[in-house]
2 protein chains.
Amino acid sequence: MAKIFSTDYVCSLDYAFRRIGGKYKGRILWYIHAHKNVLRYGELKRLVQNITPKMLTQTLRELEEDHLVSRTVYHEVPPRVEYALTETGKELIPFIGHLKLWGDKQIKREKKKAGTALAKV
Amino acid sequence: MAKIFSTDYVCSLDYAFRRIGGKYKGRILWYIHAHKNVLRYGELKRLVQNITPKMLTQTLRELEEDHLVSRTVYHEVPPRVEYALTETGKELIPFIGHLKLWGDKQIKREKKKAGTALAKV
DNA sequence: CGGTATCCCCTACGATACTG
DNA sequence: CAGTATCGTAGGGGATACCG
C-alpha cells in the first residue's frame, strides 16, 4: 500500500513531521484522544467528515505501523474494531493540543482583521 | 505561484497543520529560531540540505504570507535579505521543540530495536 | 547574493464500486 | 460494520538554467 509519507528522514524534526504530516493524521489522533482514547472505525469516519474509507484505512494502517495507535478486533457479529492511542501516540497529544489552540487563536485574529477591513468600507 | 497547502480548512487543527505542513516549514522555523531569530537566505539554503532555491523561496513566501516570518531586505552590494520569526511564528517554537524531542526519542527507540534485532542474529 | 522561470514527475489523495 | 479494489487526478515537489 502506498505510504502517505516516506519513512526516510534527514533529522528528528523531519522524522516527526513525516509521521504526523498526512492530511488527517493529526485530527485522527486528536479525535481518539478526545473520545477517551477509544474510537471505532465508523465513529472516526463520521468525525473526519468527507474522508473516504480508503484514506481512513490507509492513514490508520500507517499510524499503526508507526506505533502511534493500536488496533483491536472484536470477533463479533457485526464486527467491531477499536482504535486507541499507544503510549507513544499519547506523547503527541500535548503537541497537537497546543497546535489546536494556536490555530483557534489565529483564526480569531484573521476574522477580526476581516471584520475591521469590512468596517472601513 | 502554487501554494504548498491550500488555505481552506475544516477546523482549527486542520488550519494549523496546513500552515506548518509543508516539507520544510517546520525545519525552517526551527533553524531561524536556533540562530538567534535571524537567518539569511543563503544560510537557510545551506542548513536545509538539498532544498532547491525554488522550494526555499516558495516556502518562505508562504510563511511570510501567513505572518510566521518577516522578510527584511538590506539594499547593499552584495544584497542581503534576512528572515526572522514574527511574534506569531515564535508562538509555534515550543511545539516544534516538543515535536523535535519526540522525534529524537522515537529514533533512539527504533535504533535500539534494530540493535537488539541484530543482536539476536 | 538572492532569487526567477520552465518543464516535468510522482504520489498523496479522491471517487466509485464491491466484499467477508 | 469495517473494510478492499481499481482507476483517475491535482499539485506538491524536483532539476535545471538563467537573472538583477
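In this text, all values refer to a predicted model and were calculated from it rather than measured experimentally. Chain naming here is simple, since letters A, B, ... match the order of the sequence lines and numbering starts at 1 in each.
- The CG-P distance, from B:Leu56 to D:dG14, rounds to 12 Å in whole Å.
- Among the atoms of the strands shown, only primed sugar atoms or phosphate atoms (P, OP1, OP2) are found under 4.0 Å from some heavy atom of A:Tyr24.
- Rounded to whole angstrom, the span from the CG atom of A:Leu60 across to the P atom of D:dA2 amounts to 11 Å.
- Here B:Lys45 lies out of heavy-atom contact (under 4.0 Å) with every strand.
- The side-chain tip of A:Arg18 does not point at the ring of A:Tyr15 from less than 6.0 angstrom away and within 45° of straight on.
- Rounded to whole angstrom, the span from the NZ atom of A:Lys23 across to the P atom of C:dT11 amounts to 19 Å.
- Out of C:dG14, C:dG3, D:dG3, the shortest distance to the side chain of B:Arg61 is found at C:dG3.
- Looking at A:Arg61 and A:Gln58, their side chains never bring a donor and an acceptor atom within 3.5 Å of each other.
- Distances shorter than 4.0 Å separate none of the side-chain N or O atoms of B:Arg80 from OP1 or OP2 on C:dG3.
- Within the 4.0 Å cut-off from OP1 or OP2 of C:dG3, at least one side-chain nitrogen or oxygen of B:Arg71 is found.
- Residue A:Tyr74 is classed as having no contact, given no heavy-atom separation below 4.0 Å to the nucleic acid.
- Residue A:Arg46 places none of its side-chain N or O atoms closer than 4.0 Å to OP1 or OP2 of D:dA2.
- Residue-to-nucleotide proximity on DNA chain C shows that, of A:Ile51 and B:Pro53, the 5′-proximal contact is made by B:Pro53.
- Shown here is B:Glu76, whose CD atom has more than 12 heavy atoms of other residues, nucleotides or ligands within 6.0 Å.
- Both A:Met55 and A:Pro79 lie close to DNA chain C; mapped to their nearest nucleotides by heavy-atom distance, the more 5′-ward contact belongs to A:Met55.
- Distance A:Gln58 CD to C:dC13 P: 8 Å, rounded to the nearest Å.
- By the 30° and 60° cut-offs, the orientation of the rings of A:Phe95 relative to B:His98 is perpendicular.
- Distance A:Leu39 CG to D:dG3 P: 13 Å, rounded to the nearest Å.
- The pair B:Asp104-B:Lys108 fails the salt-bridge criterion, with no side-chain N (NZ, NE, NH1 or NH2) lying under 4.0 Å from an Asp/Glu carboxylate O.
- Rounded to an integer number of Å, the gap from B:Leu44 CG to C:dC1 P is 14 Å.
- Side chain B:Lys54 to base D:dG14: a donor-acceptor pair is found below 3.5 Å.
- Rounded to a whole Å, the CD atom of A:Gln49 is 17 Å from the C1' atom of C:dG14.
- Atom pair B:Asp8:CG and D:dG11:C1' shows a separation of 14 Å (rounding to whole Å applied).
- Distances shorter than 4.0 Å separate none of the side-chain N or O atoms of A:Arg40 from OP1 or OP2 on D:dC1.
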